[in-house]
Structure formats: structure tokens, C-alpha cells
Amino acid sequence: MAITDSAPAPNFIHHIIDEDLKIHKNDGRVITRFPPEPNGYLHIGHAKSICLNFGLAADYHGVCNLRFDDTNPSKEEMEYVESIMADVRWLGFDWEDRLFFASDYFEPLYDYALHLIKTGKAYVCDLSPEQVREYRGTLTAPGADSPFRQRSVPENLDLFKRMRAGEFADGSRTLRAKIDMASPNLNMRDPVLYRIKPESHHRTGDAWCIYPMYDYAHPLSDALEGITHSICTMEYEDHRVLYDWALDHCPVPCHPQQIEFARLNLSYTVMSKRKLLQLVNEGHVAGWDDPRMPTLAGMRRRGYTPEAIRAFCERIGVGKRENLVDLALLEFCVREDLNYRAPRVMGVLRPLKVVLLNYPEDRVEEIEAVNNPEDLTQGARKAPFSRVLYIEREDFMEDPPKKFYRLAPGREVRLRYAYFIRCEAVVKDPLTGEVVELRCTYDPATRGGHAPDGRRVKATLHWVSAAQAVSAEVRLYDRLFTQAVPGEEHGGDFQADLNPASLQVLTSCRLEPSLAGALPGSFYQFERQGYFCVDQKDSAPGAPVFNRTVTLKDPWARLQQAQKK
RNA sequence: UGGGGGAUCGUCCAACGGCAGGACAGCGGCCUUUGGCGCCGCUGAUCUAGGUUCGAAUCCUAGUCCCCCAGCCA
């Protein structure tokens, strides 16, 4: 059985909403929204926001809208809206018929602007971008009023209408809010409401050449949709007074409440669009859906399940302080989910040939293997067993150290579900000294893996029968960066911490024959190795490519690591 | 040296004047036909200094440290 989403862990936003409900604010409604800008791919940080917004709505029997914040035609594309919708759906959330675009509101937004002008709250400014910056002042010095601040209402109205009509050059004028150039909050120093951009918009085409700014469009869009709680990240905290200003000065149907929370930071990866884009553009990864990327597309391809990601978002909680969540928690969440769901199979990643000296040459047995010990309803399968097998190279050591209790000369181990075998001889390449083959004997009395005399072995190995094995490419993925905070010790140069071993491609893997027809997207546990999924892009019928999602916990590997140091 | 925000186990989140709790990580043990899973146990935190109070992570005062803001980006 797969894990289910547990009861919501209460967070400070729940407390706020509980209080709102107590005083019957918004008639007890809870309406949230997830407002991505369609200029990039969604990542695990967005997942936190999606789970929060849709989760809150679900918790309070409300609804959550999907609204694209598409107010900047120069950066936004339809391709992104498609991928974002697919990702949200994949994550398991449903906006039903509530798919909106800020661009749907361009006309009412324009009317609100007219209202602001008429009430003396906005004016057309002819300052250039450079001049606007100069007039704005600095963090410590107040700004100065624009020379165009005192334009009459009729003149402003005329000019703004002509801005819309396309009479003025790109960037030559803006519509600005008339607030306070001396405000200690820079956002209140007559912020730009509209800019001229004679560009084609991905949805409105050439209907507009002026486009509203986020600070103006967002609160009004929220109000138009009847949003009750507008949840955003901490960097917008400074903008909240402006959010409220817009709602206070426009005849809107309601006044949503902006609430800020801390965005997710995950160790051993980067999350900013800029850095992600750089990784793609400079070829450090194969694309936005490279399985090493923290994008939802990448994680999906890597084999992360929506259930695991949702469980993760639930466990990390929601707060207001800066945070760095341990990647280990994410990995724990996938393992937890996959442990119950993934069928077990045997796959040898780095094959070492084993010949069973006392096993008949032409004999092939069918060994029964349980598909998932955590879920017996998944049944069992048969795996062929014969004289020539492969085992994992690292499961044999000629000169084993203390805590190594796998196969070694003279030692006996169990082959999972099959027989006990004993290593009788080691065959080496005469030139390189490399171990190329093991000569073993098997004990016919131990069929199934039990010794009738009660003798025990210290290890159980996975194996495949050489003749029937299918070959496959397996891609071993590891964390993209070697440092928890990439670039922290290189003055922010995150690429300096790129993990050179983040991808290892193995081409001579031997898998049990049941995997021959593995379907793209399906996932398995390779026993004793990890969870793997069949790559959706690079697999061909009959030639699956496997991506390692995450390893199993491996105390032996850890021990070895510790000894190296 | 303006404004906004934040400081609780290594990490993340709780506790909202009444025994600082959970999860991940780590360590130890049990179990085991996956050195997986599971189970048990341990380690481990209230930024500092004062104050109020029978009692403070929580309230007050003064500090310290960290993050964000000077796009016609969102």
C-alpha cells in the first residue's frame, strides 16, 4: 500500500485562517491561488507552494485557482504554461475549471488605472528609466518628486489613453502611483504601474502595448478572483503595503490578505531560475528534465513519485525563517514511498562471472522470488538459475577486511531465493591480475535458500543467470553538487562545486529476464542496490534504460567511506 | 547609518505564560533469505544580558547576528 497524505501539520498560516474563521471573515470562505509566471519550469520549491496553496484550500473546504502571472510578454511563452499545467497535474492537484491568466484581466486592470488617475492617485511620468532610478533616492536618502507628478487629471487621462493607443515609444513613459517619494519603503516611492512594451503577448497578441507591473496586477487579480488568502514568499513582505494600497484605492470586490512564508532551500542543489538556466545552457546537465535537476520534470524522470514529493512538502513544514532542508529528508520520503510500491528485481550492475562447478551444464531451474516482501499481494515471479551466473563485483573480495561478510575464497553465502554457494577458486587475468571469474560449488540441499542442517551464512547476494540475462544501460545519478550550499566557499561560484560524479553510465549491466519488457516510467527496487525507473525518453522497446532514483541505505558503503577518511 | 523580516537539537517544524515535543540525520541494539524494511534505545536546542511573574522559548527593555529591498522583473 502506498503512503497516504497524512493530516496537515498545523503551521502559522493555519493559525491565521483559524482566527479569520472565528470572526467569520470572508463569510468563512478560503480561496487561494498558485500564481506561477510562465517563464520557466517548476521546481521542488514551487512544489512547496503548490502543496501549501492547494493543501490549505483542501483543509478548509475551499478552492485553489491556477493563475498564470503573465504580465511581461518579453519573458513568457506558451510552452511554459503547458509544462507548468502538466507538472501541477502530475503532482496531484486539480484546479478544475479555475484556470486563469492575469492577462485575462488586462481590460479591468486598465479601467482601475483610469480610476486611479481620476482620483489623483496615479500620473503619467516621462522620466527615462535612468532618471527614475536617480529620482528614487537610495536606501538611506529620500527620493525626489518627478517633475511630471503634478500633471492634471485630464492630461494624465489623455496621455495614458495615448500610451495604450501606441502613440509613444517603448520605455518613453510610464504610469506611476502617486504615493510618497520620501517613504522609507522604496516600493512606495511612486512605483511604476504600467510600462510601454510594444511586444506581442503569448495570449493577447498585439492587443496591448502597455503592460501592468506585478505590484499592480497581482492584488487586483487576487481581488477579481475573490482570493481570501494570497500566499507568497518572504521577499514580497516589503510589497505588502503596496498590495494593500492598490486594493484600498481601487473599487475592487474584496480585499485579500497577503501572507508571506519562507521559500524552500534544499541542500546540494540550486533553486534559482537563473542558476538552473545556466546549468542547462552551459551543458552541465542535459536539459530542464535532466534527472539531476530539482525541477519537477527532472525529478519525475529520475523516478520521484508525486506521493513522495507531497509527503516531503508536508514534512518540511511552513515557516518564515530562512532554511536549508537536508536532501536526506527528500531521499527518505522517496524510499518510504517506493519501499511499499516498488516490485523487487535482481539486477547486476557490475557483473562478475560465477561458474558452479557441480551444477549440470544443461540444466535450468525456475526459482520463485517474492515481488515485494512489504506487500505480498504483489505476488511472485520465476527467475532462471543455471551453471553460469553473474554476481555483483563488489560482493566478492579476495582478501576481505574485518566487517566484509560477503563472498571470499572458501566462504559460503546465499544467492537470494536460490542456493548456498561456496567459492572454491578465483580465476584472474594473467596480465592485469584482475579477477575475471569465480569457481564455486553449490549445495543442492539448500534450494530456496534454507540449509536443512541449520547452518547460517552471513550474506545474501543478488544474482542473474548469464544465459537468460538481459543487458541494459543503467544511469547512476548522485547529487549535482558536492557542497550543501553550492558556491558558498567559492564566493558564490556555484559551478565550482559541481559534482563530477553526478552521473555514471553503466552499459554492461545484466538484469533478470522479467525486466525485458519493462515499461517506460515503471519503477523497481533492484535488491540491495536502490530504486530505479525506466527512463521515459531514452528507452526503446526491448531496450530499457534505467535511472537510479536513489540508493538503498547502505551501512557497508558508509563504513568504507569512513575508513577511507 | 533607512525600511521590512527572522533567530528553538546538526537540519526542518512544533510548543502561543505551566514538564521544550516530533521528523530527518547521527550513534547503539534487536530482527532479517535485501548490510533494505521494521522495532527498541541514546545523543542533542530556546542568540545574549537584564526585567516582569509562583512560573518565560513565549511578555517587557537593551543588545548581537542573519536574510530581503534602490527592475519600466516576478
Side-chain angles (χ1 to χ4, degrees), chain A residues 9-12 15 35-37 39 69-72 74-76 125 127-129 132-134 136-143 170-176 183-189 191-197 210-211 213-215 217-218 232-241 260 262 264 267 273 315-333 335-336 339-340 344 346 369-370 373-374 403-406 414-418 420 446 448-450 456-462 484 525-530 551-559:
Chain A
N11 57 53
F12 76 98
H15 295 322
E37 183 188 12
N39 73 340
D69 224 326
D70 55 350
T71 56
N72 186 351
S74 27
K75 299 169 38 176
E76 296 149 7
C125 180
L127 255 26
S128 70
V132 168
R133 196 185 317 128
E134 284 160 21
R136 185 154 34 225
T138 70
L139 292 178
T140 49
D170 186 1
S172 61
R173 280 176 230 258
T174 55
L175 182 73
R176 293 229 257 161
S183 171
N185 181 343
L186 303 219
N187 297 121
M188 298 299 271
R189 319 244 260 229
V192 170
L193 267 24
Y194 273 89
R195 73 288 216 184
I196 298 173
K197 262 181 190 286
I210 57 172
Y211 293 93
M213 298 289 289
Y214 168 88
D215 281 323
H218 205 86
C232 62
T233 43
M234 293 301 288
E235 65 268 27
Y236 291 102
E237 200 147 23
D238 276 346
H239 297 242
R240 192 172 58 230
V241 282
E260 309 86 11
L264 168 70
S267 60
K273 276 180 192 168
R315 280 172 198 258
I316 58 176
V318 180
K320 286 172 80 90
R321 55 180 157 224
E322 242 216 332
N323 58 76
L324 180 66
V325 175
D326 195 339
L327 178 63
L329 179 61
L330 216 211
E331 296 183 336
F332 169 84
C333 291
R335 291 193 187 106
E336 184 187 45
N339 178 43
Y340 284 102
R344 315 283 122 128
M346 291 194 284
V370 169
E374 298 292 330
K403 300 241 171 144
F404 183 88
Y405 44 81
R406 275 107 100 146
R414 169 169 40 233
L415 294 183
R416 174 138 238 224
Y417 298 123
F420 285 11
T446 57
H450 299 278
R456 326 266 300 178
V457 288
K458 292 271 285 182
T460 300
L461 270 39
H462 59 279
Q525 183 198 100
F526 286 12
E527 292 215 27
R528 306 207 305 132
Q529 300 278 358
T551 61
L552 252 29
K553 262 170 67 179
D554 189 350
W556 168 243
R558 275 185 54 83
L559 230 179

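Below, read A as the first sequence line, B as the second, and so on, with proteins coming before strands; counting in each chain starts at 1. Fair warning: this is a prediction, and the values are worked out from it, not measured in the lab.
Between A:Asn187 and A:Asp554, the residue anchored closer to the 5' end of RNA chain B is A:Asp554, taking for each the nucleotide with the nearest heavy atom. If you find the closest nucleotide of RNA chain B to A:Arg414 and to A:Gly319, the one lying nearer the 5' end belongs to A:Gly319.
In this structure, of B:rA74, B:rG35, B:rC72, it is B:rC72 that holds the atom nearest to the side chain of A:Arg136. Listed candidates were B:rC12, B:rA70, B:rC72. Nearest to the side chain of A:Thr138 is B:rA70. The side chain of A:Asn72 has B:rA74 as its nearest neighbour among B:rA74, B:rC13, B:rG2. Comparing B:rA74, B:rG2, B:rG35 by their closest approach to the side chain of A:Tyr405 singles out B:rG35. Listed nucleotides: B:rU34, B:rC12, B:rG3. Nearest to the side chain of A:Glu527: B:rU34.
With sequence neighbours excluded, the residues forming a salt bridge (charged side-chain N to carboxylate O under 4.0 Å, His left out) with A:Arg240 are A:Glu260, listed by chain and number. Applying the ring-ring contact (aromatic ring centres under 6.0 Å, His included) rule to A:Tyr214 yields the partners A:His218, A:Tyr236; only residues at least two apart in sequence or on another chain are considered.
Among the atoms of the strands shown, only primed sugar atoms or phosphate atoms (P, OP1, OP2) are found under 4.0 Å from some heavy atom of A:Gly317. Within 4.0 Å (heavy atoms only), A:Lys197 reaches sugar-phosphate atoms of the nucleic acid but no base atom.
Between B:rC47 and A:Arg321, no contact under 4.0 Å exists linking OP1 or OP2 to a side-chain N or O. In terms of phosphate contacts, A:Arg189 brings no side-chain nitrogen or oxygen within less than 4.0 Å of OP1 or OP2 of B:rA70. At B:rA15, one or more side-chain N or O atoms of A:His15 fall inside 4.0 Å of OP1 or OP2 (strictly under the cut-off). Contact annotation: A:Arg195 side-chain N/O to B:rG71 OP1/OP2 distance is not under 4.0 Å. An OP1 or OP2 oxygen of B:rG3 is reached within less than 4.0 angstrom by no side-chain nitrogen or oxygen of A:Ser183. Between B:rG35 and A:Arg528, a contact under 4.0 Å exists linking OP1 or OP2 to a side-chain N or O. Regarding contacts with the backbone of B:rG35, every side-chain N or O of A:Arg558 stays at 4.0 angstrom or more from both OP1 and OP2.
Using modelled atom types and a 3.5 Å distance limit, the side chains of A:Thr460 and A:Arg416 yield no donor-acceptor pair.
Taking syn as a glycosidic angle within 90° of 0, B:rG22 does not qualify and is anti.
The base of B:rU34 does not come close enough to the side chain of A:Gln529 for any donor and acceptor atom to sit less than 3.5 Å apart. The base of B:rG36 sits within donor-acceptor range of the side chain of A:Glu374, with an N or O pair under 3.5 Å.
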Using Watson-Crick or G-U wobble pairs with both distances under 3.5 Å, give me RNA chain B in dot-bracket, 5' to 3', with [ ] for crossers and | for pairs to another strand.
.((((((..((((....[..)))).(((((.......)))))....(((((..]....))))))))))).....

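Protein atom OH of A:Tyr340 is 8 Å distant from nucleotide atom C1' of B:rC37, rounded to whole Å.
Rounded to a whole angstrom, the distance from the C1' atom of B:rA56 to that of B:rU46 is 11 Å.
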